[in-house]
Amino acid sequence: MTVARTICLGFMAVILLGAILLMMPFSTSNGMWNDPIVALFTSTSAVCVTGLSVVDPGTFFSFWGQLFITLLAQIGGLGYMTTTTFLILLIGRRFDLRQKVAIQQALDRPGISGSTQIIRSIIATTMIFEITGILLLLPAFVPDYGWNQGLWLAIFHSVNAWNNAGFSLFKDNLIGYQSSGLVVFTITGLIIFGGIGYQVILDIYLWLRDRILKKPNAILFSLDFKVATSTTLILLVLGTVAFFCIEIRNPQTFGNLSFTNQLLSAWFQSVTPRTAGFNTIDIGQMTDSGLFITIALMFIGASPGGTGGGIKTTTLRVLTSCTKSILQGKEEVLLYDRKIAISLILKAVGVVFGSLATVIGATILISLTDPNLEFIKILFEVVSAFATVGLSTGITGGISTAAKLILIVTMYIGRVGVLLLMSALLGDPRPSRVHYPEENLLVG
């Protein structure tokens, strides 16, 4: 039982437990036993912090079913190893070297030191942001639904936004609040900070602390911080401009909105593919260009160490820096005056290749099981599932059972990671002392 297998089987166990709970009569609003496929799909979508749903969570599930979805999304966002370690700390037990290695792999950290502190920091950060989100959403939901229902709506949407899960209890998702700056900026703020990575948030906190205390030796931002923040900012700005320019003439999305609401919707649509799944416009009515841009943003996803999916912003920057180095005739890949190790470049290539293979394979299979669906909508659904986004053009509830099972597998692969899953299947790599001669090969 390797560390990779422990993580993969842990996620699978949580998914199965969630499916059992969501099958129970007390989890549905009509008090009947739930369809096993619907329960499994919803549980997988929640644990994998995706947000795709074959039913309307706000009307199909009872309060207990909605609570289970919230808890599953919380566990999925934190990660199986983080949640398990936190429970171990709560009961006062100490964890061994194996668990420290598992945390290091699950959080993609460079070392195993400080595992206890980082887990506590992650839990504290999660609590602070989610409670802040709840308090900010209360003024928007309480006047419309009263204190009890308004409080639950604030809790549900804050938890789902921070964990980058796109479940909503409203039938039209957040379209009804597309003109509410409070809801738009609260949800997008939770999505951005939840997906940018805990290490980045910790660096910001330490920098602010040093500035407030006026310490002479201020913290130096890490390469992870510089890459994650700069790439995120670039993608958000480019996405907002692109959606505004493309959809402004589409009367089904931005065309009939005021200029302010057009900007709010463009901003929201740029944030939500990174990878939350909420929407303030009808995704199914977007132009093909808008859908394709959304697919690209979904595939890139969030940053390492966060609650989002996709190939991650750092992977994109490593590969773009490789391309830049080749065009400039350099033999080294540099990022912010730092040399990128060959092992990281190979890992980035492996992530992209494995991700593309998964998306292409799932798209082909669903095209065979549901040939009546448009290709762009199938591709959109598959990328949304793999990148754990949750955006949909509206076809999720009407696809065949076989297609639902394919999406379940796709969501699972996207959440645990292609490389981690392959490591779990093949076992830990064995080091070799054999070195082979170098040879030239025509490329490109």
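Since the structure is predicted, the reported quantities are computational estimates derived from the model, not experimental observations.
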Identify the two heavy atoms, one from [X] and one from [Y], that lie closest to each other, and give their separation to 0.1 Å.
X	Y	value
V49	A73	CG1-O, 3.5 Å
I37	K404	CG2-CD, 4.0 Å
P251	R249	CD-O, 3.3 Å
T275	G309	OG1-N, 3.0 Å
I413	L421	CG1-CD2, 3.6 Å
A385	L407	CB-CD2, 3.9 Å

Measuring from atom [atom1] of [X] to atom [atom2] of [Y], what distance do you get when rounded to the nearest 0.5 angstrom?
X	Y	atom1	atom2	value
S230	L335	OG	CG	8.5 Å
T314	K347	OG1	NZ	8.5 Å
I204	Q199	CD1	CD	11.0 Å
I300	K312	CD1	NZ	12.5 Å
T294	R274	OG1	CZ	12.0 Å
L365	D370	CG	CG	11.0 Å

### Task
Could you walk me through whether L151 and V142 pass the side-chain contact (heavy atoms from CB on, under 4.5 Å) test, one step at a time?
CA-CA 7 Å; L151 176 60; V142 169; 5.7 Å; no
### Query
What residues, two or more places apart in sequence or in another chain, satisfy side-chain hydrogen bond (donor to acceptor under 3.5 Å, both in side chains) together with T125?
none
## Note on the structure
Residues passing the side-chain hydrogen bond (donor to acceptor under 3.5 Å, both in side chains) test with S258, sequence neighbours excluded, are N261
### Task
Dump the intermediate steps for side-chain contact (heavy atoms from CB on, under 4.5 Å) on L264 and Q178, then the final yes or no.
CA-CA 7 Å; L264 284 176; Q178 65 180 188; over 6 Å; no
Can you confirm if the aromatic rings of [Y] and [X] lie within a centre distance of less than 6.0 Å?
X	Y	answer
F170	Y145	yes
W267	F243	no
F278	F268	no
F61	F68	no
F167	H157	no
F156	F63	no
F26	W64	no

Ignoring hydrogens and angles, tell me if any N or O in the side chain of [X] forms a donor-acceptor pair with the backbone of [Y] under 3.5 Å.
X	Y	value
N30	M32	yes
T232	A228	yes
T287	G290	yes
T272	Q269	no
Y412	C8	yes
N163	A165	no
S43	I15	yes
S158	I155	no
S423	L419	no
S384	L391	yes

### Task
Please step through side-chain contact (heavy atoms from CB on, under 4.5 Å) for the pair I69 and L22, ending with a clear verdict.
CA-CA 8 Å; I69 292 174; L22 292 175; 4.2 Å; yes
### Task
Might you work through the side-chain contact (heavy atoms from CB on, under 4.5 Å) test for T388 and N164, ending with a clear yes or no?
CA-CA 8 Å; T388 68; N164 277 224; over 6 Å; no
Flag side-chain contact, heavy atom, 4.5 Å: [X] against [Y]:
X	Y	result
I295	I376	yes
L344	V318	no
V409	L405	no

### Query
Quick one: which of I246, I281, T280 gives a side chain to side chain contact (heavy atoms under 4.5 Å, CB included) with T253?
I281
### Message
Checking E130 against Q74 for the side chain to side chain donor-acceptor pair (under 3.5 Å) test, could you report, in this order, the C-alpha distance in whole Å, the side-chain angles of both residues, the deciding distance, and whether it holds?
### Response
CA-CA 10 Å; E130 288 182 352; Q74 186 73 82; 3.1 Å; yes
Taking atom types as modelled, find out whether [X] and [Y] have a side-chain donor-acceptor pair closer than 3.5 angstrom.
X	Y	answer
N34	T28	no
R317	T231	yes
Y177	D144	yes
S222	D203	yes

Heavy-atom neighbours of [X] [atom1] exceed 12 at 6.0 Å:
X	atom1	value
N148	CG	no
F244	CZ	yes
Q285	CD	yes
Y336	OH	yes

### Message
The test is side chain to side chain donor-acceptor pair (under 3.5 Å); show your working for Q66 and W152 and say whether it passes.
### Response
CA-CA 10 Å; Q66 295 169 10; W152 173 237; 2.8 Å; yes
### Query
Can you name the side chain to side chain contact (heavy atoms under 4.5 Å, CB included) partners of T229, sequence neighbours left out?
I196, V200, F225
